[in-house]
Amino acid sequence: MSQVRVRFAPSPTGFFHIGSARTALFNWLYARHTGGTFILRIEDTDKDRNREEYLRLIYNSLTWLGMDWDEGPNPDGNGECGSFGPYRQSQRADIYQAYLQKLREAGRAYEKDGAIWFKLLGERFKVFDDHRKKEVEKVRSAPVIIDDKIRGKVERMEDEDFVIFRSDGNPGFHFVNVVDDITMQVSHIIRGEDHLSNTSKHVRLYEGFGVTPPVFAHLPLILKSPEMGQGKMSKRDKGALIEEYQQRYFLPEALITYLAFLGWNPGDDREKMPLAEIVKLFDLPGVNQSNAKFDGKKLAHMNMTYLLAQPADRFLTLARDYFRRQPGGTAALANEAYFREIMRLAQPKIKGIEELGTYTAYFWDENFPIDAMVKEKVMAKGDPQARLNELLAALPTMDFSNDANMEAGIKLLAEKHSLGFGDYQAVARLAVSGTNAGPSITSIFRVLGKERVTARIKRFLAAG
RNA sequence: GUCCCCAUCGUCUAGCCCGGUCAGGACACCACCCUUUCACGGUGAGAACCGGGGUUCGAAUCCCCGUGGGGACGCCA
């Protein structure tokens, strides 16, 4: 059995976003790669900002993305599993008290302004802090040397005493983080680079407890794309929320792959591979050191390639789920055989499940809209009315039973009038679907059936 | 401002550790091909080693300094 124990420790104070998901993923990948344990710990010490719905969102998002945890609260929120709990910091008060006691006994804790502070060892000096606009006391000592698995050696020799218990009686982040990592026997701390400057404080705390710190690995951050502006990605940025992708019916494996390859690669040209392969190849030294800008277009492309590759059955399952939740979507699901037929036509064409509604609307609705721009374009060329009338006249004798016969029928008509297939295609498409994008016209005809095609063309002609 | 991290096409990146290749791939963009529309796909084009010093026969690769970007600087996590 492996010794590797990693944790993902979100706080339920806001929506679950892409940066958190990536941190979770890299921890999960490392656990699975090493055969170690992946722990989910809830850092809910900030009572004012914690919300139960955000907690559920964490469980849901991780589950949706396929990241299962070995220890932590159960995904349904009832109970927990693992023998190092509780896994919610709000339930670990007695543990924190015990560890506070250790610090007190070691003379490393003191009170000030109603809070309890951790006392650093070393030479104290005062300096004016331009950021806080006040004089602060710093402590200089032998440098903390962090041997970061991603960044190499990182040194720091100055820090300030910091709060470990707030004046409201609740323990602070640095303290609980370290105490939990000690008591849960976390072996590797894999987290965002925004925590790198906290790490020296954490190491001091480990030293204060007389415990050897775990291995650190600080991940590069996900930054805004150039269009979004500067800085690291925040929940407010477009495309930042995991929930959004779920709602837009992205394939979780596409998102996972995109995220995995943002900051990591197997060292060759591959940009996509099965998750099992990523698990096999993933390792900390392979993670990049530089921040990466988020590219929604590349993610969308990834999603499309996965969608294209789905077996028909899976696509059908996803599509059904999509229509079930669409307003008026039940109409699409009324006839199973018809639905399957249309999904088969749509799968190779669309870029995402979310396009399904508009892409197939005219199949379920006789009152489909006519795209004015397309109409203007199509009606300007040749004599489209004449083509439709010729089609109308030939329709009764055409064979709608399969694509080949359907196509042959239209071609025959075109030949008769010394015209091409294309002369009928565009206008027929406009008349029966109202647009210029879609499956082949022969498939549309066949699936719609003779009656509806006839009726739609007549109606289109009548409407002018 | 102080401390810390980082630096290859617009973007994600390979190459860097162990100096020697036309600096390779992908997304996006453009052109062409395929074609029954729209997509997919195919081919091609444009597009990068941040700057300056050093070390070396030779530097994207090693070292230093600039510059740029990012992060941290809360009784938030």
Side-chain angles (χ1 to χ4, degrees), chain A residues 9-14 43-46 48-50 89 112-117 127-133 136 138 146 148 150-152 154-160 162-174 176-177 192-200 218 220-221 223 225-227 230-232 258 261-272 285 288-302 304-305 308 346 348-351 355 359 374 378 407 410-411 420-426 428-430 433 435-444:
Chain A
S11 62
T13 53
E43 307 221 332
D44 52 354
T45 55
D46 187 346
D48 295 340
R49 298 199 304 147
N50 287 317
Q89 291 181 332
K112 191 178 96 183
D113 304 330
I116 302 171
W117 298 67
V127 63
F128 188 81
D129 185 305
D130 285 321
H131 181 74
R132 282 171 286 183
K133 308 257 186 281
V136 297
K138 296 203 173 193
I146 301 149
D148 192 281
I150 292 170
R151 274 146 221 289
V154 178
E155 288 190 26
R156 195 190 191 89
M157 53 196 305
E158 286 173 16
D159 267 308
E160 293 168 34
F162 53 91
V163 169
I164 52 179
F165 266 77
R166 304 196 290 255
S167 53
D168 65 6
N170 289 309
F173 164 71
H174 301 298
V176 292
N177 205 263
E193 200 218 76
D194 47 345
H195 288 293
L196 187 53
S197 32
N198 290 328
T199 306
S200 55
H218 285 93
L221 266 22
L223 269 28
S225 67
E227 310 87 70
Q230 301 271 292
K232 78 172 168 175
Y258 175 75
F261 279 78
L262 195 63
W264 173 85
N265 67 78
D268 55 37
D269 279 350
R270 286 177 293 174
E271 308 227 310
K272 185 188 162 185
N288 292 150
Q289 308 182 337
S290 47
N291 296 341
K293 294 188 174 98
F294 177 78
D295 184 355
K297 288 206 180 108
K298 194 158 185 170
L299 208 201
H301 178 264
M302 184 71 77
M304 184 203 69
T305 65
L308 235 35
K349 298 282 205 165
I350 58 171
K351 291 181 186 297
E355 292 177 4
Y359 194 78
V374 175
V378 171
E407 187 176 330
I410 299 172
K411 279 197 171 145
F421 190 104
D423 293 303
Y424 293 90
Q425 187 274 138
R429 180 184 296 281
L430 177 66
S433 76
T435 177
N436 66 342
S440 76
I441 191 63
T442 52
S443 296
I444 296 178

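Because the structure is predicted, anything quoted here is derived from the model rather than measured. To find a chain, count down the sequence lines: A is the first, B the second, and so on, and within it residues start at 1.
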Between A/Phe421 and A/Thr442, is any pair of side-chain heavy atoms under 4.5 Å apart?
-> yes
Say you pick atom C1' in B/C29 and the same atom in B/G52; how far apart are they, in whole Å?
-> 34 Å
Hey, which of these two, A/Gln289 or A/Gln425, hits RNA chain B nearer its 5' end, going by closest nucleotide?
-> A/Gln289
Separation of B/G70 atom P from A/Asp194 atom CG, nearest Å, is 14 Å
Would you state whether a donor and an acceptor, one from the side chain of A/Glu271 and one from the base of B/G25, lie under 3.5 Å apart?
-> yes
In whole Å, what separates the P atom of B/G51 from that of B/A7?
-> 15 Å
Interatomic distance, A/His301 NE2 vs B/C40 P [rounded to whole Å] | 8 Å
Using the C1' atom as the reference point in each nucleotide, state the distance between B/C63 and B/G41 in Å, no decimals.
-> 49 Å
Does A/Arg270 put a side-chain nitrogen or oxygen below 4.0 Å from OP1 or OP2 of B/U13?
-> no
Non-hydrogen side-chain atoms of A/Glu271 and A/Lys298 separated by less than 4.5 Å | yes
Closer than 4.0 Å, any side-chain N/O of A/Lys138 to the OP1 or OP2 of B/U2?
-> no
For the residue pair A/Pro439 and A/Ile444, establish whether any side-chain heavy-atom pair is separated by less than 4.5 Å.
-> yes
Out of B/C38, B/C4, B/C76, minimum distance to the side chain of A/Arg156 belongs to B/C4
So, does the side chain of A/Lys349 form a donor-acceptor pair with the base of B/C38 at under 3.5 Å?
-> yes
Enter the distance from A/Asp44:CG to A/Asn50:CG here, rounded to the nearest 0.5 Å.
-> 5.0 Å
State whether A/Asn265 places a side-chain N or O below 4.0 Å from either non-bridging phosphate oxygen (OP1 or OP2) of B/A14.
-> yes
Could a donor-acceptor pair under 3.5 angstrom be found where the side chain of A/Lys298 meets the base of B/C12?
-> yes
Taking atom C1' in both B/U36 and B/A23, compute the distance separating them and give it to the nearest angstrom.
-> 43 Å
Is the shortest side-chain N/O distance from A/Lys232 to OP1 or OP2 of B/A72 below 4.0 Å?
-> yes
Complementary nucleotide for B/C73 - Watson-Crick or wobble, under 3.5 Å | B/G1
Provide the distance between the two P atoms, one in B/C62 and one in B/A14, to the nearest whole Å.
-> 14 Å
Side chain of A/Leu221 (C-beta onward), nearest among B/G70, B/C73, B/C75 | B/G70
C1' atom, B/G70 versus B/A31: distance in rounded Å?
-> 38 Å
Validation row: A/Leu196, A/Arg151 side chains within 4.5 angstrom (heavy atoms) | yes
Distance test, side-chain N/O of A/Thr45 to OP1/OP2 of B/A77, below 4.0 Å | yes
Could you check which nucleotide pairs with B/A26 in any of the strands shown, counting Watson-Crick or G-U wobble with both distances under 3.5 Å?
-> B/U11
If you measure from the P atom in B/C17 to the same atom in B/C75, how many Å do you get, rounded?
-> 44 Å
Side-chain touch A/Gln89/A/Pro171, heavy atoms, less than 4.5 angstrom = no
C1' gap between B/A39 and B/C33, integer Å | 16 Å
What nucleotide among B/C75, B/C12, B/C40 has an atom nearest to a side-chain atom of A/Trp117?
-> B/C75
Given RNA chain B, 5'-ward residue of the pair A/Thr305 and A/Ser11, judged by closest heavy atom | A/Thr305
Could you work out which one of B/G1, B/C75, B/U11 sits closest to the side chain of A/His131?
-> B/G1
Any strand is fair game: report the nucleotide pairing with B/G19 by Watson-Crick or G-U wobble, both distances under 3.5 Å, or none.
-> none
Sort out the partner of B/A45 for me: Watson-Crick or G-U wobble, both distances under 3.5 Å, none otherwise.
-> none
